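So that the names make sense, note that chain A is the first sequence line, chain B the second, and so on, each numbered from 1. Keep in mind that this is a model prediction, so the values were computed, not measured.
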There are 2 protein chains.
Amino acid sequence: MANTIRNRMQLHQQNIQSVLAQVFNHQPISRIEISRNLALNKSTVSSLYNALKEEGYVEELGEGAASTAGGRKPVLLAINRRYGYTMNFDFGYRHIHVMKNNLSGDIMSYTQVDAKGLSIQEILPLIETQIEKAENEDKTKHNLLGISFAIHGTIDANAITYSPFLDMEDIDLVTYFGEKYDVPVLLENEANLAAVYERDFNDENQRLSNAVTISIHRGIGAGLIINKKLYRGAHGEAGEIGRSLRIGNNVVETPHKVEDYCSEDAIINQISEARKGAPLDRYAVVKLYNENDDIAKQVIGTFVENTARIIVNVSNDYDPDEIFLNSPLIESLPELLPEIREAYSKIVPSNTVIPMTVTRNSHYATLLGGCALITRRVLNLEDFELNFAAQQEF
Amino acid sequence: MANTIRNRMQLHQQNIQSVLAQVFNHQPISRIEISRNLALNKSTVSSLYNALKEEGYVEELGEGAASTAGGRKPVLLAINRRYGYTMNFDFGYRHIHVMKNNLSGDIMSYTQVDAKGLSIQEILPLIETQIEKAENEDKTKHNLLGISFAIHGTIDANAITYSPFLDMEDIDLVTYFGEKYDVPVLLENEANLAAVYERDFNDENQRLSNAVTISIHRGIGAGLIINKKLYRGAHGEAGEIGRSLRIGNNVVETPHKVEDYCSEDAIINQISEARKGAPLDRYAVVKLYNENDDIAKQVIGTFVENTARIIVNVSNDYDPDEIFLNSPLIESLPELLPEIREAYSKIVPSNTVIPMTVTRNSHYATLLGGCALITRRVLNLEDFELNFAAQQEF
DNA sequence: TGTGAGTTGGTTGTATGAACAAACTAATTG
DNA sequence: CAATTAGTTTGTTCATACAACCAACTCACA
């Protein structure tokens with residue numbers, strides 16, 4: 001029991017956080033409902049809520065409907081949407097994706113900034129412009145509260161350890177922006193953020209204890225939710241399933257990796273090479289496939305088969321409740337999912353096929369995953385289950 | 001925050017457990033030392049300790065040495081070794097392994113019972129004989145407190161879901177022995193228990209947060225420690241790495257699994273077939289290898305190479321602090337470990353090779369892992385870090 | 001449409017009890 | 001002896017529980 005509380009002060013602090021988490025997860029909610037959910041006396045909840053109100057995190061929204069049996073109307077409590085906001089970025093291949101979110105995770109704005117071929121030195125001012133633009137059109141009390149960056153690489157101890165697609169040139173984003181804006185800055189791998197997104201934004205009833213997102217972009221990586229928590233590994237490299245090697249009797253010097261066969265880059269290159277034509281991109285590949293081009297059909301057929309096997313392997317490795325596929329290619333060719341499902345059930349002839357879902361709009365996923373993590377930091381609710389899904393419509 | 005405490009009663013209960021865990025982990029220990037470790041007032045610790053003493057879990061061992069600066073001698077506290085004991089079993093291929101442990105995890109007795117080819121119906125009375133024998137020669141107050149079984153198969157919700165090597169014939173061990181002896185009965189997969197063993201018995205300084213044991217027996221399975229806790233997966237099937245499929249361009253109908261190449265059974269069969277001789281067992285294979293038999297050398301050479309790749313894949317999948325190899329074959333041929341290390345570093349040319357260790361006496365490992373889990377249950381310390389390693393010598 | 005019994009939400013003041021703190025005893029070193 | 005440390009006793013503290021209250025609603029009945 002590492003993270004354990006022992007005395008009344010710590011108990012009090014934790015109970016305040018529990019009340020805040022209740023407000024977050026069930027807003028708009030009344031004091032009496034919190035009292036019931038937490039099994040705390042209603043007077044205790046009132047006292048704890050008042051402490052939160054003094055800090056400005058919460059606000060009263062007005063009165064709700066009374067019970068049909070009569071009785072006083074409840075006062076509805078919610079996260080103070082005018083407290084401040086977070087800025088969340090994703091360094092994509094072509095674009096920087098930018099999202100501004102309030103403390104409830106609602107999307108305040110979303111933009112893409114063209115960044116293809118730019119160096120990090122050229123990208124930094126673009127980010128600053130976005131942050132300052134967001135600040136100018138804002139009316140919250142505390143303005144910017146935190147920043148997150150989705151990184152296509154590996155992170156350890158909130159620092160980039162490997163960045164294959166963008167040379168960071170010794171730029172430390174955390175220090176740079178942390179000192180410039182005096183807010184917490186969080187870096188996280190994009191597959192991990194996609195996993196956090198599925199847990200926090202896409203799982204309304206919070207059923208998922210264990211989930212894996214398989215991210216098929218230029219490489220292949222998995223984001224792991226284990227016991228409701230993001231599992232990063234000892235060095236932030238857990239879920240690097242694209243680097244998996246083949247086992248077999250013909251031992252070769254440089255063994256084949258999964259991503260040599262099954263990443264989006266690998267697929268595009270295979271088609272490109274077989275056609276002996278100019279370099280392709282994803283849109284061209286999708287077009288060829290839709291035009292029933294033989295080569296595209298054949299290569300993507302193998303991709304479907306291999307993806308099914310990757311899912312089998314992920315099942316065996318992690319035994320999750322659900323698997324999410326984060327692949328722009330499959331998103332563009334939705335007919336592939338049933339094919340993957342069929343290939344899967346041919347390999348594992350069981351009556352219970354593991355649930356698998358294709359993540360829609362994967363850029364939102366990583367941005368919202370970053371939002372979920374940095375919001376926890378800002379609210380001092382880092383070890384709490386926060387449900388961003390349930391309160392999106394409200 | 002699922003497992004969270006909210007009121008003073010729960011806080012009190014948790015603090016009692018924390019004191020018990022301190023006594024367990026640091027016995028013999030004084031009250032004042034517990035007070036310092038837990039940052040609880042010494043009067044509080046005294047009061048909590050008295051509650052535990054009344055229940056009989058702990059006892060005073062006598063006085064320790066006074067500080068060199070003078071002062072009263074401390075009274076040394078420890079787990080009451082005369083409170084009771086646990087019985088822990090492992091259904092091996094040839095033998096049932098039986099261990100009796102006191103509440104501190106000390107080995108009171110160990111035996112193997114011949115069980116090759118016996119049905120579960122024939123095995124049950126053998127187990128009962130062992131339990132009754134242990135009871136007859138015992139002088140503790142409460143006698144048998146719990147039973148654990150290491151299963152070569154998968155377990156979900158404390159029930160066997162898959163048992164490839166022993167037909168369970170609808171026998172429910174938990175009900176059968178639970179009702180017969182009125183104690184908790186725990187079933188767990190043997191690779192998982194080996195992982196628990198490494199965490200609790202073999203990690204004196206409790207450095208390991210994430211560890212994987214790779215169990216290479218008749219099949220291949222992994223036991224996973226993630227964030228200091230055993231990770232079992234949604235259905236108890238996490239770490240079934242032996243079932244992993246090959247990814248590649250030549251898609252075949254029935255894809256190859258890792259354990260088709262790399263399990264002990266696979267190695268023995270390959271050598272056996274290549275020699276066109278009688279069926280072999282592990283001892284014969286070890287003998288051939290030591291006699292420099294060409295076929296054995298070649299097959300085991302490939303095994304070394306594939307094991308290195310499995311370790312690479314496990315690293316990529318789980319990114320643990322350390323990997324443990326639980327393989328009687330490697331245990332019998334210790335010269336293989338440096339070869340595996342070398343093959344590994346050829347594939348991953350990094351200055352930091354992941355620590356890998358061969359578990360000695362793997363039968364003890366699973367039995368002690370079972371002991372660790374059932375002891376937690378008995379002491380009501382299920383979510384606490386217990387360190388069986390540190391206090392083995394005392 | 002007016003009234004009051006019943007119900008529910010929320011506040012206030014008091015009681016509880018687990019941890020804390022201080023002052024004690026006990027036993028040691030030098 | 002003084003200084004120091006271990007542990008106990010006694011009384012204090014304060015976060016939560018509890019009980020009584022107020023506020024405000026529904027609904028049945030007149």
Side-chain angles (χ1 to χ4, degrees), chain A residues 1 4-20 22-23 26-54 58-78, chain B residues 1 4-20 22-23 26-54 58-78:
Chain A
M1 301 277 286
T4 194
I5 68 169
R6 296 238 147 68
N7 58 43
R8 273 177 313 175
M9 242 179 57
Q10 292 164 351
L11 180 66
H12 187 60
Q13 192 51 42
Q14 192 201 262
N15 282 342
I16 287 181
Q17 293 173 74
S18 296
V19 169
L20 182 53
Q22 282 288 317
V23 173
H26 304 109
Q27 55 184 315
I29 187 175
S30 65
R31 285 167 245 247
I32 195 72
E33 214 178 327
I34 296 176
S35 157
R36 283 193 279 257
N37 291 345
L38 294 180
L40 282 173
N41 194 283
K42 56 182 179 173
S43 61
T44 308
V45 171
S46 268
S47 144
L48 298 171
Y49 174 80
N50 288 337
L52 288 165
K53 195 182 169 184
E54 265 188 24
V58 288
E59 62 180 353
E60 275 118 273
L61 287 184
E63 297 182 323
S67 147
T68 51
R72 181 173 170 177
K73 282 183 186 165
V75 178
L76 298 179
L77 315 175
Chain B
M1 300 277 287
T4 194
I5 67 168
R6 296 237 144 71
N7 58 42
R8 278 174 312 173
M9 241 178 59
Q10 292 163 353
L11 180 68
H12 185 60
Q13 193 51 42
Q14 197 204 56
N15 282 342
I16 288 180
Q17 293 173 69
S18 296
V19 169
L20 182 54
Q22 281 288 316
V23 172
H26 304 108
Q27 56 185 315
I29 188 175
S30 65
R31 285 167 245 248
I32 196 72
E33 213 178 330
I34 296 175
S35 159
R36 281 193 281 257
N37 291 345
L38 295 180
L40 283 173
N41 191 282
K42 57 181 179 171
S43 61
T44 307
V45 171
S46 267
S47 144
L48 298 172
Y49 174 80
N50 287 337
L52 288 166
K53 194 180 167 185
E54 262 188 26
V58 289
E59 60 179 353
E60 275 117 275
L61 287 183
E63 296 183 324
S67 145
T68 52
R72 179 174 169 176
K73 283 180 183 167
V75 178
L76 297 180
L77 315 174

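When every heavy atom of A:K42 is checked against every heavy atom of A:S35, the shortest pair comes out as N-OG, 3.5 Å.
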Go through the steps for B:L52 and B:V19 under the test side-chain contact (heavy atoms from CB on, under 4.5 Å), then give the verdict.
-> CA-CA 9 Å; B:L52 288 166; B:V19 169; 3.9 Å; yes

Could you walk me through whether A:N37 and A:I29 pass the side-chain contact (heavy atoms from CB on, under 4.5 Å) test, one step at a time?
-> CA-CA 11 Å; A:N37 291 345; A:I29 187 175; 4.0 Å; yes

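Heavy atoms of B:N7 sit under 4.0 angstrom from primed sugar atoms or phosphate atoms, though from no base atom. Contact annotation for A:V75: backbone-only contact, meaning every heavy-atom pair under 4.0 Å involves sugar-phosphate atoms and none involves a base. Base engagement by B:T44 is indicated by at least one non-hydrogen atom pair under 4.0 Å involving a base atom. Within the nucleic acid shown, B:I16 has no heavy atom closer than 4.0 Å to any nucleic acid atom. Contacts of B:K42 with the nucleic acid, taken as non-hydrogen atoms under 4.0 Å apart, include base atoms. As judged by a 4.0 angstrom heavy-atom cut-off over every strand, A:L48 is placed among residues touching the sugar-phosphate backbone only.
Listed pair A:R31 / C:dT11 meets the phosphate criterion, a side-chain N or O lying under 4.0 Å from OP1 or OP2. For D:dA6, the OP1/OP2 oxygens have a side-chain nitrogen or oxygen of B:R36 closer than 4.0 Å. A close approach under 4.0 Å does occur between a side-chain nitrogen or oxygen of B:N15 and OP1 or OP2 of C:dA19.
Side-chain atoms of A:R8 and base atoms of D:dT16 include no donor and acceptor less than 3.5 Å apart. With hydrogens and angles ignored, no donor-acceptor pair under 3.5 angstrom links the side chain of B:S47 to the base of C:dA18.
With D:dT8, D:dA15, D:dC25 as the candidates, the nucleotide lying closest to the side chain of A:K73 is D:dC25. Between D:dA6, C:dA21, D:dC18, one nucleotide has an atom nearer to the side chain of B:P74 than all others, and that is D:dA6.
Spacing between atom CG of A:N41 and atom P of D:dA20 amounts to 13 Å, rounded to whole angstrom units. Remark: P of C:dT16 and NE2 of B:H12 are 18 Å apart, rounded to the nearest angstrom. The distance between atom CZ of B:R72 and atom P of C:dA26, rounded to the nearest whole Å, is 9 Å. Atom P of nucleotide C:dA19 and atom CE of B:M9 are separated by 12 Å, given to the nearest angstrom. Summarising the geometry, the separation between CD1 on A:I29 and P on C:dG9 is reported as 12 Å, rounded to the nearest angstrom. The CG atom of A:L11 sits 13 Å away from the C1' atom of C:dG17 (whole-angstrom rounding). In this structure, CD1 of B:I32 is placed 15 Å from C1' of C:dT25, rounded to the nearest angstrom. Rounding to whole angstrom units, CD of residue A:Q13 and P of D:dC14 are separated by 16 Å.
Defined by atom type and a distance below 3.5 Å, a donor-acceptor pair is missing between the side-chain atoms of B:Y49 and B:Q22.
You'll find the side chain of B:H12 reaches within 4.5 Å of the side chain of B:L48, heavy atoms only. Side-chain atoms of A:V58 and A:L77, non-hydrogen and from C-beta on, never get closer than 4.5 Å to each other.
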